[in-house]
Amino acid sequence: MPNYAKDGEVMYHTGLTKEMIKGAKYALVPGDPGRVEGLAKALDPNAAFVASHRDFTTWTAEVNGQPILVMSTGMGGPCVTFAVEELARLGVKTFIRVGTTGSMQEDLNLGDIVINKAAVRMDGASKAYAPIEYPAAADMRVTLALEEAAGTLKIPFKTGISVSTDSFWPGQERYDSYAGYVRRAYQGSLEEYQHLGCTNFEMENATLFTLCDVMGLHAGSVCGVVAKRTDSETVAPHDVYEEAEKRFQKTVKLALKMLTGHFLVRI
Ligand SMILES: O=P(O)(O)O[C@H]1O[C@H](CO)[C@@H](O)[C@H]1O
Ligand SMILES: O=c1cc[nH]c(=O)[nH]1
């Protein structure tokens with residue numbers, strides 16, 4: 001029997017109650033708290049600020065007359081576990097990550113969109129919930145809605161498998177760190193992931209997908225490419241992010257319209 005929050009019960013880390021989230025069943029979960037307001041207002045000009053605690057900034061919006069939560073998770077798997085645990089207790093059932101990412105295939109360019117159908121579990125947090133043999137898989141209906149939305153909007157996108165790491169530098173085989181050293185186990189890992197057909201590096205999908213499947217919830221992910229690792233380790237200038245941001249905002253808005261409407265089986 002799921003342990004739902006009681007009326008008025010305040011979630012310790014997010015500072016939210018059931019009343020504050022207005023019965024939202026869908027949550028958009030970007031990593032960056034600075035992305036929340038823009039995303040909420042892109043969904044709904046009447047979106048409203050709800051709370052800001054630690055890494056978790058929350059706004060509410062409406063799409064198709066349904067309440068939608070937009071809440072940052074902060075960076076990395078451990079932060080995602082707080083977001084999923086507390087929002088699930090408040091009744092959220094579907095989580096869509098709206099992030100940034102580093103692409104690892106030649107045909108994924110800066111500013112493009114990646115929709116992740118699964119993730120390689122290089123995080124640590126998901127291991128507290130399921131053995132490493134358990135897949136980190138996105139919900140197929142959420143993934144299809146994101147693909148259908150990006151395709152309809154003619155936004156360049158690719159669907160693939162992300163590698164979700166706990167480290168932006170050695171875990172993603174970056175040599176431009178302070179020490180400049182990548183431990184031997186990760187030297188050559190980028191090339192290996194490319195051969196395995198993985199599409200991108202980021203830091204939250206594996207935890208999000210694993211937890212949601214384990215808990216009977218639904219998850220999807222759309223990320224904008226801000227680093228093209230086939231060319232460089234560097235993150236691109238801000239205008240690339242702004243282009244990607246416009247694209248992922250439009251994509252999730254249309255995907256939410258489909259998911260809250262009559263797209264495939266209602267979840
Ligand atoms: O832009 P967000 O959603 O934070 O996602 C990506 O950006 C951060 C690293 O720069 C990591 O959290 C990574 O997953
Ligand atoms: O290269 C990148 C860019 C964004 N986020 C990541 O985790 N890696």
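First listed ligand is number 1; within each ligand, the first listed atom is number 1. All values derive from a computational prediction rather than experimental measurement.
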S.K.: Examine Arg174 relative to Phe168 and say whether NZ or CZ is less than 6.0 Å from the centre of the six-membered ring and inside a 45° cone about the ring axis.
M.R.: yes

S.K.: Which residue supplies the protein heavy atom nearest to atom 12 (O) of ligand 1, what is that atom called, and how far is it?
M.R.: Glu204 OE2, 2.6 Å

S.K.: Give a yes or no answer on whether the side chain of Asp123 reaches the backbone of Thr165 with a donor-acceptor pair at less than 3.5 Å.
M.R.: no

S.K.: Below the 3.5 angstrom mark, is there an N/O of Gln172, backbone or side chain, next to an N/O of ligand 2?
M.R.: yes

S.K.: Quick one: look up the protein heavy atom nearest atom 5 (O) of ligand 1 and list residue, atom name and how far away it is.
M.R.: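 Nearest protein contact, heavy atoms only, for atom 5 (O) of ligand 1 is Arg97 NH2, 2.9 Å.
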
S.K.: Is the closest heavy-atom distance from Thr100 to ligand 2 below 4.0 Å?
M.R.: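 Thr100: in contact with ligand 2 (<4.0 Å).
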
S.K.: Mark up the atoms of ligand 2 that fall under 4.0 Å of a heavy atom belonging to Glu202, in ascending order.
M.R.: 7 (O)

S.K.: How far is atom 8 (C) of ligand 1 from the closest protein heavy atom, and which atom is that?
M.R.: Met75 SD, 3.6 Å

S.K.: Classify the side-chain pair Thr260/Gln66 by whether it contains a donor and acceptor separated by less than 3.5 Å.
M.R.: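 Short answer, no.
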
S.K.: Identify which of Met104, Met75, Arg174 has a heavy atom lying nearest to atom 1 (O) of ligand 2.
M.R.: Arg174

S.K.: Counting only nitrogen or oxygen atoms and a 3.5 angstrom limit, does Gly31 reach ligand 1?
M.R.: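 N/O-N/O distance under 3.5 Å: yes.
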
S.K.: For ligand 2, which atoms have a heavy atom of Ala227 less than 4.0 angstrom away?
M.R.: 1 (O)

S.K.: Using a strict 4.0 Å cut-off to heavy atoms of Gly99, name the atoms of ligand 1 that fall inside it.
M.R.: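 So the atoms of ligand 1 that pass are 3 (O).
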
S.K.: In Å, rounded to the nearest 0.5 Å, how long is the span from OH of Tyr186 to CD of Gln172?
M.R.: 11.0 Å

S.K.: Run the side chain to side chain donor-acceptor pair (under 3.5 Å) check on Tyr193 and Arg229 step by step: do they pass?
M.R.: CA-CA 12 Å; Tyr193 290 130; Arg229 294 296 307 278; over 6 Å; no

S.K.: Tell me if the centroids of the rings in His53 and Phe56 come within less than 6.0 Å of each other.
M.R.: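 No; Phe56 has its ring centre 6.0 Å or more from that of His53.
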
S.K.: Heavy-atom contacts with Phe168 under 4.0 Å: which atoms of ligand 1 show up? List them by number with element.
M.R.: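 So the answer, numbered in order with elements, is 9 (C), 10 (O).
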
S.K.: Which of the atoms of ligand 2 are close to Gly102, meaning less than 4.0 Å from one of its heavy atoms?
M.R.: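 In order of numbering, the contacting atoms are 1 (O), 2 (C), 3 (C), 4 (C), 8 (N).
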
S.K.: Between atom CD of Gln194 and atom CD of Glu106, what is the distance when rounded to the nearest 0.5 Å?
M.R.: 8.0 Å

S.K.: Quick one: pull up NZ in Lys117 and OG1 in Thr199 and give me the separation to the nearest 0.5 Å.
M.R.: 8.5 Å

S.K.: Scan side-chain atoms only and decide if Asn200 and Ser103 contain a donor-acceptor pair under the 3.5 Å cut-off.
M.R.: no

S.K.: Pull out every atom of ligand 2 sitting under 4.0 Å from any heavy atom of Met203, numbered as shown with elements.
M.R.: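 It comes down to these atoms of ligand 2: 7 (O).
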
S.K.: To which protein heavy atom is atom 7 (O) of ligand 1 closest, and what is the distance rounded to 0.1 Å?
M.R.: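 Atom 7 (O) of ligand 1 sits closest to the protein heavy atom Thr100 OG1, 3.2 Å.
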
S.K.: Salt bridge check, Arg97 against Glu202: does any charged N sit closer than 4.0 Å to a carboxylate O?
M.R.: yes

S.K.: Is Thr101 touching ligand 2 with its side chain, its backbone, both, or neither, if touching means heavy atoms under 4.0 Å apart?
M.R.: backbone

S.K.: In ligand 1, which numbered atoms sit nearer than 4.0 Å to a non-hydrogen atom of Glu202?
M.R.: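 Counting atoms of ligand 1 from 1, those under 4.0 Å from Glu202 are 14 (O).
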
